[in-house]
Amino acid sequence: MQLNVLLIEDDDEDHDLVRDVVAEVHDVEIELFRERDYDSGLRTLLDAEVHVCLIDLRIGAESGVDFVQKLKAIGCDVPMIILTGTNGPIADQQAMAAGAANFLDKANLNSERLGRVLRYAAGQGRGRRSQPTFSPANGSPDDRPAGGSDYSQDDPMRVLLIEDDEDDYLLTRELLIEVFGRQLQLDWIQSWHDGLEQVFEARHDVVIVDYRLGERNGLELVREAVHLGSHIPFIVLTGEGDREIDLEAMHAGATDYLVKGEISGPLLDRSIRYAIERRKSERRLADLAQIDQLTGLANRYRFREFLERSIARAGRANDVVALMLIDLNRFKAVNDTYGHAAGDLLLQEIAGRLRRSVRPSDLVARLGGDEFTIVVANVDDSDYLKGAADRILDELRKPINIGHCEVDVGASIGIATYPNDAGCADSIIVSADTAMYAGKGQPSATIHFYTQEMHRQAAYRLELERSLRMAMQRDEFELFYQPQVDLRSGHLLGFEALLRWHHPEFGLIMPDEFIELAEESSMILQIGQWVLDTACAQLATWQGTGLAGVHVAVNFSARQFQESGLVDFVADTLTRHDVLPQQLEIEITESDILREPTEAHRLLNAFADIGIRVALDDFGTGYSSLNHLRAFPGAVIKIDRSFINDIETNASNRAIVQSLISMAHDLQLDVVAEGIENTAQLRCLRRLNCDVVQGFLLAKPMPADMIGAELFGRNLLTVFGEAAALAS
């Protein structure tokens with residue numbers, strides 16, 4: 001690699017010294033630039049690409065420490081190394097406090113030491129960007145094991161020494177005692193495996209590890225610890241200088257590399273303190289990049305890292321890790337009704353409640369939107385998991401005040417565990433999501449633990465999604481037709497076209513099982529075109545055989561209404577089959593209109609203008625029923641079957657249906673009641689003056705080849721509806 005190094009030095013002899021030492025540095029190409037004062041150095045740092053800056057401690061009356069502080073204040077992230085003519089501990093501490101990457105004594109400068117310091121500094125500085133410190137009001141989750149509390153001069157320095165040679169241990173201990181005296185807490189471990197176990201107890205401020213530990217490599221220990229989530233700074237010791245090992249140590253995650261024969265007390269002191277300070281800086285930057293800025297929770301990147309490391313540690317210790325996925329049920333309604341600012345306040349409140357419901361060691365994260373997750377490591381008590389989920393539900397059930405408004409939100413919580421339900425991070429996320437999906441759409445907050453039955457359902461859904469792509473090519477779809485009958489005359493008015501899928505493995509599949517999949521994959525557009533074309537072709541067939549005078553109602557999805565040119569496509573299809581616009585009825589559910597009400601109104605009015613009737617399906621279940629009634633003159637409303645089921649015994653439902661029929665008639669709209677299953681319902685609807693009925697009592701949906709001429713022009717109530725009962 002090539003390093004661009006800026007030297008800010010006013011003394012020519014010191015410049016020549018640094019230049020000569022740089023010339024002897026091997027394995028890295030260094031381009032050395034020089035400026036004689038701090039102001040010139042600042043301009044060069046701002047204008048040129050500089051990887052590392054060497055700064056003289058004193059130029060005239062100005063201080064290099066002050067210069068470093070100034071650079072840090074303006075956001076400069078170039079690593080800065082202070083050079084001094086005296087090896088003074090006070091200046092060293094001042095340099096570290098100011099933000100310098102290292103502190104070197106000119107008198108003891110050599111190519112090996114300078115090369116190592118430059119490589120480490122450049123390695124830490126490459127790719128970094130300075131950002132403001134972020135400190136969320138409610139704190140942030142901590143995914144350590146990491147180093148212990150921040151080191152200060154008043155606290156004991158907690159050092160873990162992993163060294164298999166007793167003589168080297170004694171030498172290192174003496175140097176540490178020379179530096180820290182009674183403020184030293186030293187633990188000595190001789191084996192690779194025991195050393196790694198001690199690392200994960202997270203009781204130390206720094207780990208010093210020998211490069212050779214019998215047959216094991218100390219760098220392997222560093223890599224393993226870093227991979228499993230340790231954030232303790234590591235210093236590697238070796239018996240002799242080796243630049244390849246030096247670079248390897250840096251890539252493994254060590255913060256410094258020292259040759260045993262060259263170690264002095266001040267050098268070891270400086271290396272430890274800089275290692276700790278560097279790791280703290282790295283943690284601050286890492287935290288900033290892994291925090292959700294709105295809620296102060298971990299974001300999806302930190303969540304993923306924590307989950308993978310928790311599973312890795314659990315695999316080593318035979319522990320259990322649980323994952324909760326939490327999705328708010330009514331967040332969109334709050335956002336749409338009260339605005340995005342209210343939605344943000346809601347998310348912040350939910351974040352605080354979730355954090356208060358779990359242990360400090362559990363990670364709470366926001367994945368995006370209104371989806372949250374909690375990773376629970378070391379689940380040694382299944383009762384805790386259920387209790388935590390119950391506490392979360394209790395918190396989410398409490399009303400939330402947003403400004404002057406009070407809102408209620410429900411949630412669906414899916415829970416899966418490692419290793420019981422999954423063997424890796426990807427599979428536990430899928431399992432928890434599968435469990436969460438089981439509770440979506442329910443009005444109240446629910447908890448669902450992952451089960452094998454859920455796995456079977458998910459596999460079934462996946463197979464449907466896969467085979468759905470081929471269903472059109474294999475001609476597996478068919479339209480069934482359910483008669484719609486005039487309640488006064490008993491005559492057939494038309495049919496509702498209902499889609500069926502003849503799956504080669506699962507048999508006849510109802511649309512409730514696959515329409516949502518079709519919408520998610522955009523297959524609904526191709527399927528919708530086929531349904532319209534097939535229905536119009538059937539109308540033309542009936543018309544050609546003399547069975548005319550009926551209409552066919554075709555269901556349209558909200559996704560179809562988002563397509564440009566939809567009105568022209570429908571008109572072209574009618575023309576191609578020589579079908580009159582009055583013979584086609586387009587049905588759309590009230591909830592679909594609510595997704596894009598303005599565009600839906602425009603399209604439905606455009607259909608009405610060319611003579612196509614519009615029907616509002618599942619009417620009465622939406623939020624703005626009366627507004628929709630006023631918006632579509634000449635439309636048909638279909639009262640949802642949930643109001644018809646017990647209309648003969650439920651006074652409330654009967655009153656609702658009566659009101660809907662009366663209001664519709666006042667606006668000259670026809671009313672269709674669907675789901676008629678018994679004669680009592682039929683009698684009640686006749687008394688309420690309903691216009692049209694359909695349901696299993698009259699006829700189940702049937703293929704076109706089962707619809708004969710006897711249905712056309714006859715009183716179908718006599719055939720299907722028990723006219724004697726109606727006459728009473």
Apply side chain to side chain contact (heavy atoms under 4.5 Å, CB included) to the pair Leu574 and Leu580, showing each step before the final yes or no. CA-CA 7 Å; Leu574 291 171; Leu580 295 174; over 6 Å; no

Intermediate values then yes/no, side chain to side chain contact (heavy atoms under 4.5 Å, CB included), Leu539 and Phe495: CA-CA 10 Å; Leu539 278 169; Phe495 299 90; over 6 Å; no

As a quick check of understanding, evaluate side chain to side chain contact (heavy atoms under 4.5 Å, CB included) for Leu499 and Leu479, giving each step before the final call. CA-CA 5 Å; Leu499 184 62; Leu479 286 186; 4.0 Å; yes

Glu674 and Ile644: CA distance, side-chain angles, deciding distance, side chain to side chain contact (heavy atoms under 4.5 Å, CB included) verdict: CA-CA 8 Å; Glu674 56 183 348; Ile644 305 299; 6.0 Å; no

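Looking at Val570 and Ile610, their side chains never come closer than 4.5 Å, going by heavy atoms from C-beta outward. Within the 4.5 Å cutoff, no side-chain heavy atoms of Thr373 are placed close to those of Ile326. Side chains of Met454 and Gln457 form no contact here, defined as non-hydrogen atoms less than 4.5 Å apart. Using a 4.5 Å heavy-atom cutoff, the side chains of Leu532 and His577 are not in contact. In this structure the side chain of Ile428 never reaches within 4.5 angstrom of the side chain of Tyr450, judged on heavy atoms. The shortest distance between side-chain heavy atoms of Leu698 and Phe696 does not fall below 4.5 Å. Two residues are said to be in side-chain contact when any heavy atoms from C-beta on lie closer than 4.5 Å; Leu323 and Thr417 fail this criterion. Side-chain contact between Val636 and Leu616 is absent, with no heavy-atom pair separated by less than 4.5 Å.
With values rounded to the nearest 0.5 angstrom, Leu307 atom CG is found 5.5 Å from Ile429 atom CD1. To the nearest 0.5 Å, atom CD of residue Gln452 and atom OG of residue Ser431 are 8.5 Å apart. Residue Ser310 holds its OG atom at 10.0 Å from CD of Glu305, rounded to the nearest 0.5 Å. Rounded to the nearest 0.5 angstrom, Leu487 CG and Cys690 SG are separated by 6.0 Å. Taking CG of Leu603 as the reference point, atom CD1 of Ile586 lies at 9.0 Å (rounded to 0.5 Å). Interatomic distance, CZ of Phe303 versus CG of Leu297, reported as 12.5 Å (0.5 Å rounding).
Looking at residues two or more places apart in sequence or on another chain, you find a ring pair (Phe, Tyr, Trp, His ring centres under 6.0 Å) between Tyr460 and Phe506. Residues meeting the salt bridge (charged side-chain N to carboxylate O under 4.0 Å, His left out) test with Arg687, sequence neighbours left out: none.
Note on Asp670 versus Arg613: salt bridge recorded, some NZ/NE/NH1/NH2 to OD/OE distance being below 4.0 Å. Using a 4.0 Å cut-off between a side-chain N of Lys or Arg and a carboxylate O of Asp or Glu, Asp691 and Arg686 do not qualify as a salt bridge. With salt bridges taken as basic N to acidic carboxylate O contacts below 4.0 Å, none links Asp292 and Arg302. Between Asp533 and Arg576 a salt bridge is recorded (basic side-chain N to carboxylate O distance below 4.0 Å). Electrostatic pairing of Arg466 and Glu463 counts as a salt bridge here, judged by a charged N lying under 4.0 Å from a carboxylate O. Residues Arg461 and Glu465 are not paired through a salt bridge, judged by the lack of any N-O separation under 4.0 Å between the basic side chain and the carboxylate.
Residues Ala322 and Leu385 approach most closely at CB-CD1, 3.5 Å, considering heavy atoms. The minimum heavy-atom distance between Pro483 and Lys700, with the atom names listed, is CD-O, 4.5 Å.
Residue Met510 places its CE atom among more than 12 non-hydrogen atoms of other residues, nucleotides or ligands, all under 6.0 Å distant. In the displayed structure, Asn678 atom CG is contacted under 6.0 Å by more than 12 heavy atoms of other residues, nucleotides or ligands.
Checked against Phe372 for a side chain to side chain contact (heavy atoms under 4.5 Å, CB included), the options Ile392, Leu367, Asp327, Ile350 give a single hit: Ile350.
Although no hydrogens or angles enter the test, the distance criterion places a donor-acceptor pair under 3.5 Å between the side chain of Thr545 and the main chain of Trp542.
Residue pairs meeting the side chain to side chain donor-acceptor pair (under 3.5 Å) criterion with at least one member in residues 493-504, sequence neighbours excluded: Ser467-His503, Glu476-Trp501, Glu478-His502, Glu496-Asn555, Glu496-Lys638, Glu496-Gln694.
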